[in-house]
Number of protein chains: 4
Amino acid sequence: MGKKKNLIETAVRLFAEQGYDGTTTLQISREAGVTEPLIYYHFKGKEELFTHILNGAFDEYVARLEALPASTRDEFTKIENLIVASQKAVAEMPRRIRLVMSSCPARIKDPAHVCSSRMLEIFDWHKNYLTNSLERGIASGEFVAVPVPETVYVLISMINGMIRQYSLLNGSRYVNARDVAVEFCRRSLLNRQGG
Amino acid sequence: MGKKKNLIETAVRLFAEQGYDGTTTLQISREAGVTEPLIYYHFKGKEELFTHILNGAFDEYVARLEALPASTRDEFTKIENLIVASQKAVAEMPRRIRLVMSSCPARIKDPAHVCSSRMLEIFDWHKNYLTNSLERGIASGEFVAVPVPETVYVLISMINGMIRQYSLLNGSRYVNARDVAVEFCRRSLLNRQGG
Amino acid sequence: MGKKKNLIETAVRLFAEQGYDGTTTLQISREAGVTEPLIYYHFKGKEELFTHILNGAFDEYVARLEALPASTRDEFTKIENLIVASQKAVAEMPRRIRLVMSSCPARIKDPAHVCSSRMLEIFDWHKNYLTNSLERGIASGEFVAVPVPETVYVLISMINGMIRQYSLLNGSRYVNARDVAVEFCRRSLLNRQGG
Amino acid sequence: MGKKKNLIETAVRLFAEQGYDGTTTLQISREAGVTEPLIYYHFKGKEELFTHILNGAFDEYVARLEALPASTRDEFTKIENLIVASQKAVAEMPRRIRLVMSSCPARIKDPAHVCSSRMLEIFDWHKNYLTNSLERGIASGEFVAVPVPETVYVLISMINGMIRQYSLLNGSRYVNARDVAVEFCRRSLLNRQGG
DNA sequence: GATGAATGAGTGTTCATTCAT
DNA sequence: TATGAATGAACACTCATTCAT
């Protein structure tokens, strides 16, 4: 009767609240209403349970990115879509994003860890998406001629920074920061010359 | 002879490399060439050693902020100074910033922890500094009329995002991202009306 | 199997021989043929194992008191019964009584400790029992008119003193001290007037 | 300036309040306003400081016994004197008696310890004193013909039991228990035949 | 699928004691 | 006398994990 699901959901909650090291397998099992060895029946160990959860969160986030329309009216709309999508994600799956934002920084130095590989995957996805958009926009005259790699880096930093801020601090107080961020970027990138 | 200093420096290194939970007091003492109880002679415990280090890092970062000139040629220079100063900090005290960036996210939910109180302190400092700058700049016509609180929020997110990116990922590859970020903001904020 | 029982019996022995502080959890587990963490599986900690044992000893002692006949031929028989019962207890459960007599004095200042609450319980039981007996005996003319509370106090001191003496010193050498004590009290209390 | 004395007095207080194992050398030194190594300058170690204090208490108690008059009007007065003296001692040097009563039971199994040797010394003193008194009293017809060794044993138990009761429990509430005890013994021992 | 009992390998911490000054 | 710094030896306790059922 859904004991496994129960286990996972309890683990998500506890890992998000207390961190990986601050959560014991005994606590997870007790709060899930099962016994400890059941964790080892379903998972190889605590770490696998943890990475299973992280992978789930990454999967959903990536799915949201993949769902973004590949072709849009103009290139800035793509950038706008990305900002909006990332903010929607953090609002709609807050606990899992929070888990990633609080657990992964301490794990990034281990390149074999899920945190490293999948954050890199997302970073690369962002990079390709934004590089493509910027290059096309510059070529078409929609954007001013900014140095692409560095601008991509700045945009990613801003998007990640907003996720982090929202997720770890009381970001929900700035509900329309999202739109302000979009306009902030629009003013900076759009070519207003001639027109 | 400098055993305490040795202890602290070793702890900084190990905490930054392996995280708080991943570092044992035995390991710290061994690599520092002292015995374990010495930690407990100088500090109340592992946690106090840790917060001592964090406080040191926060102190230095705050000192850098306080050193920023209070009055500048124009308001955007203040914003530029802040971006530059934060990037200089992360380049000049990388290990300690990295320690903060990787350790604190997992501790922010505890409002009593050094991470919470001092990150809030820095957040507030940033907020006041940027709010002041934006309000003056808008009033004088230097800046376009942006919504102040949200724009401040976006700017802080960007600055923090860049610190995080630099600190945890290989941000050093984008050395002039700093200047690109400054220009990015300048284009967005500066009032170009009536050229 | 019976590892828990083994653990408890070993702990009784070692605590009685070496005291609480003089006995380590490692020693208990080793001499019981189990591993240390098993103590923590069955008990919350060393202290709980200790109080579990103390409670067992108190329970048995109280059970012996409760088993004393409520109505007797005369009132002095009650007093005799109490003296005999306490001496029988110390002869039949020597290790546990010795444990109590050597461990509890150091713990009595802590009113929350098992030693305090349960010794008080026994003290009160003795007090009620003896007060009742003395009052009835005096009223009926069986006893001389002694001041009741103080005489109760003296009798309890004598009983406890004999337990202590027997338990901590080589009291077994005075096997018939019990009967001598009974006669000692009888001569003192019985009303010989009008023989 | 009396630092040694200070040390000892503080140690008496702390050992009495918290027991030997519950008191650390650091705590003693701090509360005495000195540093830890000073303990090792004046004493060989914690244990020696402890036995120094115990010996002081035993010395004073023995001195009180020795001060009892060797010849009295009758033999029962000797017994009365002993009861009164022991109760006076516990009222006049409560902390040190309490220290002995709470610390020594756990140490009596070690025959080399001060607790063992000096409590035995006192036990023997009591035994000789009472044996002598009883034998003479019986011979002279002052006392009834009780079995001497066992009666001595009972009397010692009663005296010790009253000290213990007074010292560890709220014995001070029964201030005239002393006189009641004396009368209790008098009635039991005195020969009333053929008045 | 599920559990009660048990364990190996540590972990932070304490404490009496010593050393150099 | 007196101390700041340092240590050796242990200690209670935790936790992820396994085994027999």
Side-chain angles (χ1 to χ4, degrees), chain A residues 1-4 7 20-30 32-50, chain B residues 1-4 6-7 20-29 32-50, chain C residues 1-4 6-7 20-29 32-50, chain D residues 1-4 7 20-30 32-50:
Chain A
M1 40 174 77
K3 287 200 175 182
K4 184 177 180 181
L7 209 46
Y20 179 79
D21 290 302
T23 305
T24 71
T25 51
L26 183 60
Q27 192 187 11
I28 295 170
S29 60
R30 279 204 179 139
V34 301
T35 55
E36 249 184 318
L38 195 62
I39 295 175
Y40 295 85
Y41 180 79
H42 289 300
F43 303 94
K44 252 167 65 184
K46 186 191 181 187
E47 183 71 25
E48 203 197 74
L49 169 57
F50 184 58
Chain B
M1 34 177 87
K3 290 199 175 183
K4 184 179 179 181
N6 211 338
L7 208 46
Y20 179 79
D21 290 301
T23 305
T24 72
T25 50
L26 183 59
Q27 191 188 12
I28 295 170
S29 60
V34 301
T35 55
E36 236 184 330
L38 193 62
I39 295 175
Y40 297 87
Y41 180 75
H42 289 298
F43 303 94
K44 253 165 68 181
K46 187 190 181 187
E47 183 73 24
E48 205 196 74
L49 169 57
F50 184 57
Chain C
M1 345 194 146
K3 290 197 175 184
K4 184 179 180 180
N6 212 338
L7 207 47
Y20 179 80
D21 290 302
T23 305
T24 72
T25 50
L26 182 59
Q27 191 187 12
I28 296 170
S29 60
V34 301
T35 54
E36 232 184 335
L38 194 62
I39 295 175
Y40 297 87
Y41 180 74
H42 289 299
F43 303 94
K44 253 165 69 183
K46 187 190 181 186
E47 182 73 24
E48 205 197 75
L49 168 57
F50 184 58
Chain D
M1 39 173 81
K3 287 200 175 182
K4 184 177 180 183
L7 211 44
Y20 179 79
D21 290 302
T23 305
T24 70
T25 50
L26 182 60
Q27 193 188 10
I28 295 170
S29 60
R30 278 204 179 140
V34 301
T35 55
E36 250 183 318
L38 194 61
I39 294 175
Y40 295 85
Y41 180 79
H42 289 299
F43 304 94
K44 251 167 69 184
K46 186 191 181 187
E47 184 71 25
E48 203 197 75
L49 168 57
F50 184 57

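No hydrogens, no waters, no symmetry mates; every other heavy atom, side chains included, goes into these values. Letters A, B, ... are given to chains in the order of the sequence lines, protein chains preceding strands, and every chain is numbered from 1.
- The two residues Ser29(D) and Thr35(D) come nearest to each other via the heavy atoms CB-C, 3.6 Å.
- Across all strands shown, dA9(F) pairs with dT14(E); the Watson-Crick or G-U wobble distances both stay below 3.5 Å.
- Separating the NZ atom of Lys3(C) from the C1' atom of dA6(E) is a distance of 6 Å, rounded to the nearest angstrom.
- The closest side-chain donor-acceptor pair between Thr25(B) and Glu36(B) falls under 3.5 angstrom.
- Counting any heavy atom pair closer than 4.0 Å across all strands shown, Ser29(A) reaches no nucleic acid atom.
- Nearer the 5' end of DNA chain F, as judged by each residue's closest nucleotide, is the contact made by Gly33(B), out of Gly33(B) and Lys46(A).
- Between Tyr40(C) and dT14(F), a side-chain N or O to OP1/OP2 separation shorter than 4.0 Å is absent.
- For Phe43(C) and dA12(F), the CZ to C1' distance is 16 Å, given to the nearest whole Å.
- Using a 4.5 Å cut-off on side-chain heavy atoms (C-beta onward), Leu49(D) and Ile28(D) make contact.
- Counting to the nearest Å, the C1' atom of dT17(F) and the CD atom of Gln27(A) are 18 Å from each other.
- For dT21(E), the paired nucleotide is dA2(F), the pair qualifying as Watson-Crick or G-U wobble because both relevant distances are below 3.5 Å.
- Straight-line distance from the CG atom of Leu38(C) to the P atom of dA12(F): 16 Å, rounded to whole Å.
- In this structure, Lys4(D) is not positioned above the aromatic face of Tyr41(D) in the sense of NZ or CZ being under 6.0 Å from the six-membered ring centre and within 45° of the axis.
- Within the 4.0 Å cut-off from OP1 or OP2 of dA16(F), at least one side-chain nitrogen or oxygen of Thr25(A) is found.
- When each of Gly45(B) and Thr35(C) is assigned the nucleotide of DNA chain E bearing its nearest heavy atom, the one mapping closer to the 5' terminus is Thr35(C).
- Note that CZ of Phe50(D) and CG of Asp21(D) are 8.5 Å apart. Values are rounded to the nearest 0.5 Å.
- Whole-Å rounding puts the Ile28(B) CD1 to dT11(E) C1' distance at 12 Å.
- A sub-4.0 Å separation between OP1 or OP2 of dA5(F) and a side-chain N or O of Tyr41(B) is present.
- Whole-Å rounding puts the Glu36(C) CD to dT7(E) P distance at 12 Å.
- Across the protein-nucleic acid pair, Ile39(A) atom CD1 and dG1(E) atom P stand 15 Å apart, rounded to whole Å.
- With rounding to whole Å, His42(D) atom NE2 is found 5 Å from dT1(F) atom P.
- Residue whose closest nucleotide on DNA chain F sits further toward the 5' end, between Pro37(B) and Pro37(D): Pro37(D).
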